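Please read the structure below before turning to the comments.
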Amino acid sequence: MKEKYFPQEIEQKWQKRWADEKTFEVKEERGREKFYCLEMLAYTSGRAHIGHVSNYSIGDALSWFKRMRGFNVLHPFGWDAFGQPAETAAIKDGTDPEKFTRDAIATMKDQLLRMGISYDWSREVATCDPEYYKWNQWFFIRMWERGMLYRKLAPVNWCPKENISLSNEQASGGECWRCGTKVIQKELPQWFARITDYADQLLDGLDQLEGGWPERVISMQRNWIGRSRGARVDFKVEDLNESVTVFTTRIDTIFGSNAIILAPEHPLVSKILEDKPQRDEVLSFAEKLKQEQRSARVDELEKHGISTSGYAINPFNQERLPIWIANFVLIEYGTGAIMSVPSGDQRDFEFSRKYNVPFRQIKLTADGREIPAEEMEAADESWTTTVNTGQWSGLSSEEASRLMTEYAEAHGFGRSAITYKLRDWGISRQRYWGTPVPMIYCEGCGYRAVPDDQLPVVLPKGVNLKVGGGSPLDHVPEFVNTTCPCCGGPAKRDTDTMDTFVDSNWYYFRYCDPRNDEQPFDPEKVAYWMPVDQYIGGIEHAVMHLIYTRYWTKVMRDLGLVKFDEPVTRLLTQGMINKETYFCPEHEWLFPEQVTEGKTCTICGKEVITGRVEKMSKSRKNAVDPIEMINIHGGDALRMFVLFAGPPEKDKEWSDTGFEGASRYLQRVWRIAHKWQGRIAVVNSGSITQSDLQDHQRRLRRRVHQIVRSITENFEERLHLNTCISSLMELTNEIYAFDQAVEKNGDPSGEDVQVAREAFTALIPMLAPFAPHIAEELWESFGHSESLSRSQWPEFSAELAREEEIEVAIQVNGKLRSRIFASAGASDGELREAALADDKVKAAIEGRDVAKVIVIPRKLVNVVVK
RNA sequence: GCGAAAGUGGCGGAAUUGGCAGACGCGCCAGACUUAGGAUCUGGUACCGAAAGGUAUGGGGGUUCGAGUCCCCCCUUUCGCACCA
């Protein structure tokens, strides 16, 4: 063992050994409990950043812990390799998207290897491999067969000059990113997945995730699915043999309704206007409203509307209600039509005031008053009782709603209904770098699936992405032209590719059986490993990915592939690591070295704005490159720092000095281990009872057991790894204090060596989850030939952890007045007597009467005086 | 606007169920060792006060013997959703 700690040297050594010995590769072992620890697959952007370090350090710590606790730990990794940036790079720089992606994978994998994360690399998956996306296509076909997929027209961003569809990002600012042409909306037929069929299951399934998933993710998903219960009510349209159906959550307010408002796209609009003189005016206004709705910030829109000149009849009281269209009613939600109730809804109130549509008050305020409609200043949403509502006057909202829904049902003009915000998932993309949709269109037979034995439909290489005019695959005749699997006649392949969320839906099922070429995975293997016990990733995936993947799991269940509903038992959303920025009014963001000590800009001398902690990014010039950090102090120190900076789920701040502190700690461990390693390796151990030990020895042993307990419990429950690390530091400090005591006595005794051995035998394994390289190296130098990953997590004994003497706080009327020492077994009565006998307590009481004495065993005594 | 979370020293953060607020680290101060130290080791470090003592967990109320922790109101910050009928 070298005297000095050289992280680069030992990290390389252990990374090589782990790879050579396949240390972290696992297989199913019947009868051995599994633990599946998963970090979100990495998008192949080009380089790993500090967020990756944080994500993988958390997962790796837990994997190491579980492994040493005897679990069969599956800890795999893979690449989210399809997607837009590779394609964008191809168009800009003429690179091949595949080469771009493969290069990125090579670079990033190299970076991750240098962090020494304990992945089973034999299970690595890249979603752009035909062996992987073949099964996306297989799933697509199975779902198509079962009616879970369908085609419909849906709008896309469209560049009318190049005739290509654009992503939101490529169309940002309303201009095509390639040519600057104004982007329009164009309707294209596209593939949709009927996720709304699963809305209730997705919602109800959240209940079982309670406790394992962060509350805020669950509530975001609830929101996203957005189930609301209410009623649909049909209003007859005057002079037309039609009715308009509205959805309302508040049928009890229908007597207060003063208008029907339609979304501008509502099909009824043109029917009402047929032959009417104002037809052109209203339709062109509708067009304007539509454009307003499409503009990015709908929330800031002023309410606009126009009357269609039509009328509808309120089925409850036969009142004539004018039919309007307005920009705040959305065609996608509910029925695309609402009844306006100004006294109960703020939007309806604003709308009615603006256009002077009269309305009626239909409820009492919370304190029982009726405010006339003309005097209202805002809609009142906290109210008690209905008034002016016919036979239902005087009822509570709930009761009126129930009875009125029944009434509507009985009279055939309404029914209770549930509406969701969740919409079907459009999975078509008119792009190149993705999974080809495995469908063939034949003039005679319509859409037909590619037969299974012809999968995968391989994405053609060498496609020219710079030409416009439709999707990239449209320009590859050898891809497009095929024969119909049904009639054998000429047919064309679908040229859409799939949304990359399809890839990430089930990749972690594939890890369970990554090389299977018969099926997406062997259900037996998945039954062993799944569900994921701990999933770790960014909060940005709280809704999209984490809903789609739950949906996909339920689909796989319905295909008979898996037997469970929810794929992830525990979810941890890790916080970001941010860093201070330096902003010069003249030169914008500066690198730290461009700022003088007096906080001025080295270029122009102006004062620099400091102290703002922001997300790391290239443009803000505050990004920290993990590899540069590893080159300075090593991967162990880097991991140690990101975990120590704060609890995993919280945002943290990068600090150079904090990083140095982490490195300094590891050096400190190394030094003390080096000092004791020679002594411990030669002496044979024997068990020595506590009573035979001297104070410093007993204390160290006690602290070892206390700290093992606290770290173990923390790993099992809260996963607050920052406090685990502080406990390790405390243990290290204890060993230093012990060492000092030994120094004082001269040469270490046999007992000293034994107790030190116990301490290091606990410290080193507990260090492994955070700094595995140094832990392995120390473990080896202490005479162990096998990797730490195969050894046991230290056990603790409650008996040995117990304090002999305890310090008890004494309060008088809740204020701390004194402290006493007592034996650990002191009774309440003894503590009470000791407290009352204490001089400081006597002084504080000053002869007043003791009303009562509260004793919290082993902790505190509170003397209450009058 | 709605929903959620958070607010603790100079800084990052501890305090698991109401029971000694500030663990651990950074920074700072002092000492030792050193040719030297941005190394290492040791000690100190919430605030006010000379001390006794007092004051402190965003602000204000409350419950309790006792509140960072529970309840109510307010302020601030972050995140998510957003004309969702």
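Nothing here was measured: the structure is a model prediction, and the numbers come from that model. The sequence lines fix the lettering, A, B, ..., with proteins before strands; numbering per chain opens at 1.
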Applying salt bridge (Lys or Arg N to Asp or Glu O under 4.0 Å), can you list everything that pairs with [X], at least two apart in sequence or on another chain?
{"X": "A:Arg415", "value": "A:Asp234"}
{"X": "A:Arg819", "value": "A:Glu807"}
{"X": "A:Arg802", "value": "A:Glu799"}
{"X": "A:Glu540", "value": "none"}

For each nucleotide in nucleotides 21-42 of chain B, reading 5' to 3', give B when a protein heavy atom comes within less than 4.0 Å of its base, S when such contact involves only the sugar-phosphate, and - otherwise.
-> --BBSSS------------SSS
Any residue meeting ring pair (Phe, Tyr, Trp, His ring centres under 6.0 Å) with [X], in chain and number order, not counting sequence neighbours:
{"X": "A:Phe641", "value": "A:Trp654"}
{"X": "A:His696", "value": "A:Phe738"}
{"X": "A:Phe6", "value": "none"}
{"X": "A:Tyr5", "value": "A:Trp670"}

Using the salt bridge (Lys or Arg N to Asp or Glu O under 4.0 Å) rule, collect all pairs that involve residues 721-731 of chain A, keeping only residues at least two apart or in two chains.
->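 Qualifying pairs: A:Arg703-A:Glu730.
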I'd like a table of atom pairs between the protein and nucleotides 1-9 of chain B - only N or O on both sides, under 3.5 Å - with the distance next to each one.
none

Hey, does the side chain of [X] come within less than 4.0 Å of [N]'s phosphate (OP1/OP2), counting only N and O?
{"X": "A:Lys652", "N": "B:rC11", "value": "no"}
{"X": "A:Arg229", "N": "B:rA85", "value": "no"}
{"X": "A:Arg347", "N": "B:rC84", "value": "yes"}

Once Watson-Crick and G-U wobble pairs under 3.5 Å are found, how is RNA chain B written in dot-bracket notation, 5' to 3', with | for any base paired to another strand?
-> (((((((..(((......[....)))((((((.......))))))(((....)))..(((((..]....))))))))))))....
B:rG13 glycosidic torsion: syn (within 90° of 0) vs anti =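 In terms of base orientation relative to the sugar, B:rG13 is anti.
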Is it true that A:Glu830 and A:Arg858 make a salt bridge, defined as a side-chain N closer than 4.0 Å to a carboxylate O?
->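 No, this pair does not count.
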